[in-house]
Undergrad: 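There's a structure below that I have some questions on.
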2 protein chains.
Amino acid sequence: MGVSVGTGLDLLLDQVMVGDCIDLMRRLPPASVHAIFADPPYNLQLKGDLRRPNDTLVDGVDDAWDRFDDLPSYDAFTRAWLTEARRVLRKDGTIWVMGSYHNVFRLGTALQDLGFWVLNDVIWRKSNPMPNFRGRRFTNAHETLIWAARGPESRYRFNYAAMKALNEEVQMRSDWFIPLCTGSERLRDDKGAKLHPTQKPEALLHRVILSCTAPGEVVLDPFLGTGTTAAVARRLGRRYIGLERDPGYAAAAMARIEAVEPLSETAALTTAGKREQPRIPFGHLVERGVVPPGSILVDRARRWSATVAADGSIRCGRAQGSIHQVGAAVQEAPSCNGWAFWHVEQPGGRLRLLDEYRVEALGSQG
Amino acid sequence: MGVSVGTGLDLLLDQVMVGDCIDLMRRLPPASVHAIFADPPYNLQLKGDLRRPNDTLVDGVDDAWDRFDDLPSYDAFTRAWLTEARRVLRKDGTIWVMGSYHNVFRLGTALQDLGFWVLNDVIWRKSNPMPNFRGRRFTNAHETLIWAARGPESRYRFNYAAMKALNEEVQMRSDWFIPLCTGSERLRDDKGAKLHPTQKPEALLHRVILSCTAPGEVVLDPFLGTGTTAAVARRLGRRYIGLERDPGYAAAAMARIEAVEPLSETAALTTAGKREQPRIPFGHLVERGVVPPGSILVDRARRWSATVAADGSIRCGRAQGSIHQVGAAVQEAPSCNGWAFWHVEQPGGRLRLLDEYRVEALGSQG
DNA sequence: CGAATGTCTGAATCTATAC
DNA sequence: GGTATAGATTCAGACATTC
């Protein structure tokens, strides 16, 4: 759970820094953050200024910028910040990048070209999107998030059990149904005007951060805006680094983050999958007498039975070895999880799955 | 409604041509087709075998046509066929191109670079996708269709009213919920093996063709496969041109198309997507802050109390799991409807049933 | 014969740790 | 870094079979 120390990162944690994100990322040590969430500006204006995705309908003008000049400069900008992002991302960290059809293809292509390995594209389905007033297209009711590892061999974190718990014990899919950021969650000025045109809902960031980080790990947002990523990270007991060019947005973000009450450790805890739990070799159960040497193991249908040896190996006919190896051998399967295959005969003639003994042992050892 | 005559196109209508789609498109006159639907190879890059938890083997796409040396060669292929496609597309025609996260960013970037104007990205949400068996990613539950005009000034066709009618008189959104092509719709050989690894559902093409063409207009599919596009086009009273490299696929497509009975003009508006029953997992209320992490749940008699975790699981003493599981555990009952069992403490000391929050959330999401 | 149960399958970039 | 092995992992729908 600890953050690597001595890299100079500690001084920058839990802060919002004002400035160009590429310059600011250059100050961060390499391989220092566990996750990155980026909601970059969607298009560049001719002058090279950044522009938020004001739809043409909203500002009512024809696109003043020339697409053919503009896309290459947008690509150059994208590659520049993604290159720095990749440098500061830890070897086994992951990045989320978000966009709409205007820019998401550029983002995805740049990610792949730079060596990132796409894990999923996730669809944020908006429950309450703006309708298409002119009736000339389908209602643009979603945005796309690309989730990628630093490279194809990354051993990235995915909190599978937590995501499954969040979805009533069914695997979380790649399409997420989440309302827009409205009502009291939306930051406004004194006159009630939106402080930021594209403030993202906290529920979206909740799911993102919960899916790929552990408490205490560091989340970087290079386009922090009014601070949704940092606010949610803080609430969930994660560390954050927020970069934002606009001082007004940054100030609003700082005030907002300050007001966030971090969850208690127990509330921030999530369901641990079996992968996260300590391993118990079968031999330990044997030597503790939980499943003593000489016990008989059978499969559920009692097709095979095996004898437990004093060293934790088992024997079934000519097959001999670990519970996994023998389980695979008798079934002529390429592999087998012995814990979920073998059972112990109970006094009443009932069978008890080996895995239940392991769970019991896990509980008793704290 | 008429098709332009005298261009030499008439001789090629309502046919399946066998060969490389780039070569074949070169024979078509420029600006001759009203719509293009293209489902090109995805460049999946599968490595080893994948087995289900029950050790059965997943029948993946390992066909030669889906193998490319690297991303640059995939890009070159994409640009080559899209260039020809743009040449044969009428000035006011539109193109649909479909893919997954493996290739869709390359497709979208190529489309934009070649001058197409993206109108929507449409999400095909699969009602019954294959799960992620190893629990290492989100279930890949959708594919993306890019809908684009030939250029920014195109006066393209969008059958707004037809789409609205297909969607119970509300604007059609950019996310479509449609099942996979399975059961009797799936083409199979004598042994029951699927004829094509990636046959698309007719419901998907029904919506595509209905949205952007008029009866009598011409739909081109450069990657026809086993002919879904042509079959649906014929049923809907459109003309088609199907290109397919593999003679086996092409033969199957021809037989299939031959058997299609064109609909009368008025009968075209029936098949819709699958209707989705709204479902709210408890975790979604947690991440939306309706019942925030750290909340205390109690039963009606306040005999038990539980704490809500950030992933929507709850804890009560040693019991940990979903609202249903923990409700059952504390009562020592075989099952429990957590929605009807747990309550949230209100400011005034009153209790509010969890189910009321669920009903509220259901109402607000339409 | 209907209900209940079991089997099969789908565009899939599908493991982690110790030695 | 390569190799061996422990062991984690599935949802919906169509269809077949059994009770």
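Not measured: the values here are computed from a predicted model. Letters go in sequence order (proteins before strands), and every chain restarts at 1. These numbers come from the heavy atoms of this one structure, side chains and all, not from hydrogens, waters or symmetry mates.
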Undergrad: May I ask you to decide if the ring planes of A:Trp176 and A:Trp96 are parallel, tilted or perpendicular, using 30° and 60° as cut-offs?
TA: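 Ring orientation, 0 to 90° scale: tilted.
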
Undergrad: Ignoring backbone atoms, test whether B:Lys47 places a side-chain nitrogen or oxygen under 4.0 Å from the OP1 or OP2 oxygen of C:dC14.
TA: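 B:Lys47 to C:dC14 OP1/OP2: no side-chain N or O under 4.0 Å.
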
Undergrad: Using a 4.0 Å heavy-atom cut-off across all strands, classify B:Thr139 as base, sugar-phosphate, or nothing.
TA: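 It contacts nothing in the nucleic acid.
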
Undergrad: Taking CG from B:Asn140 and C1' from D:dA12, how many angstroms apart are they, rounded to a whole number?
TA: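 Those two atoms, CG and C1', are 16 Å apart.
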
Undergrad: Given D:dG13, is OP1 or OP2 found less than 4.0 Å from the side-chain N or O atoms of B:Lys126?
TA: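 Negative; the distance criterion is not met.
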
Undergrad: Let me know which of B:Arg51, B:Lys194, B:Arg52 forms a salt bridge (Lys or Arg N to Asp or Glu O under 4.0 Å) with B:Asp59.
TA: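 Answer to the salt bridge (Lys or Arg N to Asp or Glu O under 4.0 Å) test with B:Asp59 among B:Arg51, B:Lys194, B:Arg52: B:Lys194.
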
Undergrad: By nearest atom, which of the nucleotides D:dG7, C:dT15, C:dA11 is closest to the A:Arg275 side chain?
TA: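 Side chain of A:Arg275 sits closest to C:dT15.
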
Undergrad: Just checking A:Cys336: base, sugar-phosphate only, or nothing, at a heavy-atom cut-off of under 4.0 Å?
TA: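 Here A:Cys336 touches the bases of the nucleic acid.
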
Undergrad: Please figure out whether A:Pro334 or A:Tyr160 has its closest DNA chain D nucleotide nearer the 5' end.
TA: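 First, find each residue's nearest nucleotide; the 5'-ward one identifies A:Pro334.
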
Undergrad: Just so I know, are the side chains of B:Trp65 and B:Pro197 near enough to count as touching, which here means a heavy-atom distance under 4.5 Å?
TA: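 In short, these two side chains touch, coming nearer than 4.5 Å.
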
Undergrad: Does the side chain of B:Thr78 pick up a donor-acceptor pair with the side chain of B:Asp75 at under 3.5 Å?
TA: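 No donor-acceptor contact under 3.5 Å links the two side chains.
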
Undergrad: Over how many whole Å does the gap from A:Glu153 atom CD to C:dC14 atom C1' extend?
TA: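 So the CD-C1' distance, A:Glu153 to C:dC14, works out to 13 Å.
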
Undergrad: Would you tell me if any nitrogen or oxygen in the side chain of A:Asn337 comes within less than 4.0 Å of OP1 or OP2 on D:dA8?
TA: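 Answer yes for this pair, as a side-chain N or O of A:Asn337 is under 4.0 Å from OP1 or OP2.
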
Undergrad: Considering only atom P, compute the distance from C:dA12 to D:dT5 and round it to an integer number of Å.
TA: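 Rounded to whole Å, the distance is 31 Å.
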
Undergrad: Touch check for B:Arg137, heavy atoms < 4.0 angstrom, all strands: base, sugar-phosphate only, or nothing?
TA: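 Contact class for B:Arg137: base.
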
Undergrad: Base, sugar-phosphate or nothing for A:Arg358? Non-hydrogen atoms, less than 4.0 Å.
TA: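 Sugar-phosphate: the residue A:Arg358, judged by heavy atoms under 4.0 Å, touches backbone atoms but no base.
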
Undergrad: The side chain of A:Arg155 lies closest to which of these nucleotides: C:dA12, C:dA16, C:dG10?
TA: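 Side chain of A:Arg155 sits closest to C:dA16.
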
Undergrad: DNA chain D: stems of at least 3 consecutive Watson-Crick or G-U pairs, cut-off 3.5 Å?
TA: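 Stems (3+ consecutive pairs) listed as C:2-10 with D:11-19, C:15-19 with D:2-6.
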
Undergrad: For a quick check of understanding: with a heavy-atom distance under 4.0 Å over all strands, which category does A:Val118 fall into, base, sugar-phosphate or nothing?
TA: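 The answer is base, as A:Val118 lies within the cut-off (heavy atoms under 4.0 Å) of a base atom.
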
Undergrad: Between C:dA12, C:dA11, C:dA16, which one does the side chain of B:His102 approach most closely?
TA: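 Comparing C:dA12, C:dA11, C:dA16 against the side chain of B:His102, the answer is C:dA12.
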
Undergrad: To the nearest angstrom, how far is B:Asp59 atom CG from C:dC8 atom P?
TA: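 Atom CG in B:Asp59 sits about 14 Å away from atom P in C:dC8.
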
Undergrad: Check every strand shown and say whether B:Lys200 touches a base, only sugar-phosphate, or nothing at a heavy-atom separation below 4.0 Å.
TA: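 Base contact.
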
Undergrad: Does a side chain donor of either B:Arg279 or A:Asn167 reach within less than 3.5 Å of an acceptor in the other side chain?
TA: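 B:Arg279 vs A:Asn167: donor-acceptor pair found between side chains.
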
Undergrad: Kindly say if B:Arg67 contacts the phosphate of C:dA11, meaning a side-chain N or O under 4.0 Å from OP1 or OP2.
TA: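 Result: no.
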
Undergrad: Just checking, is any N or O donor in the side chain of A:Thr271 or B:Asp311 under 3.5 Å from an acceptor N or O on the other one?
TA: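 A pair is found: one side chain offers a donor N or O, the other an acceptor, under 3.5 Å apart.
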
Undergrad: More 5' along DNA chain D: A:Gln171 or B:Arg134, using each one's nearest nucleotide?
TA: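 Looking at DNA chain D, the more 5' nearest nucleotide goes with B:Arg134.
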
Undergrad: Mind calculating the distance between CZ (A:Arg300) and P (C:dG6) to the nearest angstrom?
TA: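 Going from A:Arg300 (CZ) to C:dG6 (P), I get 8 Å.
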
Undergrad: Determine the interatomic distance between P on C:dA11 and the same-named atom on D:dG7; round to the nearest Å.
TA: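 One P to the other, the span is 34 Å.
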
Undergrad: Using a cut-off of 4.0 Å on non-hydrogen atoms, how would the nucleic acid contact of B:Pro129 be classed: base, sugar-phosphate, or nothing?
TA: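 Base contact.
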
Undergrad: On DNA chain C, does the nearest nucleotide to B:Lys194 precede the nearest nucleotide to B:Phe133 from the 5' side, or the other way round? Give the residue.
TA: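 Looking at DNA chain C, the more 5' nearest nucleotide goes with B:Lys194.
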
Undergrad: When we call it a touch if two heavy atoms are under 4.0 Å apart, what does B:Gly48 touch: a base, just sugar-phosphate, or nothing?
TA: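 Base, at least one base atom sits under 4.0 Å.
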
Undergrad: Would you say CZ of A:Arg300 has more than 12 non-hydrogen atoms from neighbouring residues, nucleotides or ligands within 6.0 angstrom?
TA: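 Not buried by this count: 12 neighbours or fewer within 6.0 Å.
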
Undergrad: Rounding to an integer number of angstrom, what distance separates C:dT9 and D:dT9 when you compare their P atoms?
TA: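 The answer is 25 Å between these two P atoms.
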
Undergrad: Answer with base, sugar-phosphate or nothing: what part of the nucleic acid does B:Pro201 contact at a heavy-atom distance below 4.0 Å?
TA: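 Contact class for B:Pro201: none.
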
Undergrad: Nearest whole Å is fine: how far is D:dT9 P from B:Arg51 CZ?
TA: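 Taking CZ of B:Arg51 and P of D:dT9, I get 19 Å after rounding.
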
Undergrad: Parallel, tilted or perpendicular: which one describes the rings of A:Phe158 and A:Trp147, with boundaries at 30° and 60°?
TA: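 A:Phe158 and A:Trp147: tilted rings.
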
Undergrad: Reckon B:Gly183 touches a base, only the sugar-phosphate, or nothing at all at heavy-atom distances under 4.0 Å?
TA: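 B:Gly183: backbone/sugar contact only, no base atoms under 4.0 Å.
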
Undergrad: Output the single nucleotide from D:dG7, C:dA12, D:dA12 whose closest atom is nearest the side chain of B:Leu50.
TA: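 Taking heavy atoms from C-beta onward, the closest nucleotide is C:dA12.
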
Undergrad: Taking only the side-chain nitrogens and oxygens of B:Arg186, find out if one of them lies under 4.0 Å from OP1 or OP2 of C:dA11.
TA: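 Checking C:dA11 against B:Arg186, a side-chain N or O does come within under 4.0 Å of OP1 or OP2.
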
Undergrad: What is the distance, rounded to the nearest whole Å, between atom CD of A:Gln277 and atom P of D:dA6?
TA: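 For the pair A:Gln277 CD and D:dA6 P, the rounded distance is 20 Å.
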
Undergrad: From NE2 of A:His324 over to C1' of C:dT17, roughly how many Å is that when rounded to an integer?
TA: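 Rounding to the nearest Å, NE2 of A:His324 and C1' of C:dT17 are 12 Å apart.
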
Undergrad: Under 4.0 Å between any heavy atoms, over every strand shown, what does B:Arg52 touch: base, sugar-phosphate, or nothing? Just pick one.
TA: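 Result for B:Arg52 = base.
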
Undergrad: Please examine the side chains of A:Tyr156 and A:Trp117, heavy atoms only from C-beta on, and report whether any two atoms are closer than 4.5 Å.
TA: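 Heavy-atom side-chain distance check fails, nothing below 4.5 Å.
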
Undergrad: Students often get this wrong, so: under 4.0 angstrom with heavy atoms, is B:Asp39 touching a base, only sugar-phosphate, or nothing?
TA: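 Base: the residue B:Asp39, judged by heavy atoms under 4.0 Å, touches a nucleobase.
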
Undergrad: Would you say the side-chain atoms of A:His34 and A:Thr213 include a donor-acceptor pair closer than 3.5 Å?
TA: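 Side chains of A:His34 and A:Thr213: no pair found under 3.5 Å.
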
Undergrad: Touch check for B:Asp66, heavy atoms < 4.0 angstrom, all strands: base, sugar-phosphate only, or nothing?
TA: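 Answer is base: heavy atoms of B:Asp66 come under 4.0 Å of a base.
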
Undergrad: B:Arg136 has an atom CZ; how far is it from atom P of C:dC14, in whole Å?
TA: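 That distance rounds to 11 Å.
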
Undergrad: Between C:dA11 and B:Ser100, is there an OP1 or OP2 to side-chain N/O distance shorter than 4.0 Å?
TA: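 No, B:Ser100 has no side-chain N/O under 4.0 Å of OP1/OP2 on C:dA11.
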
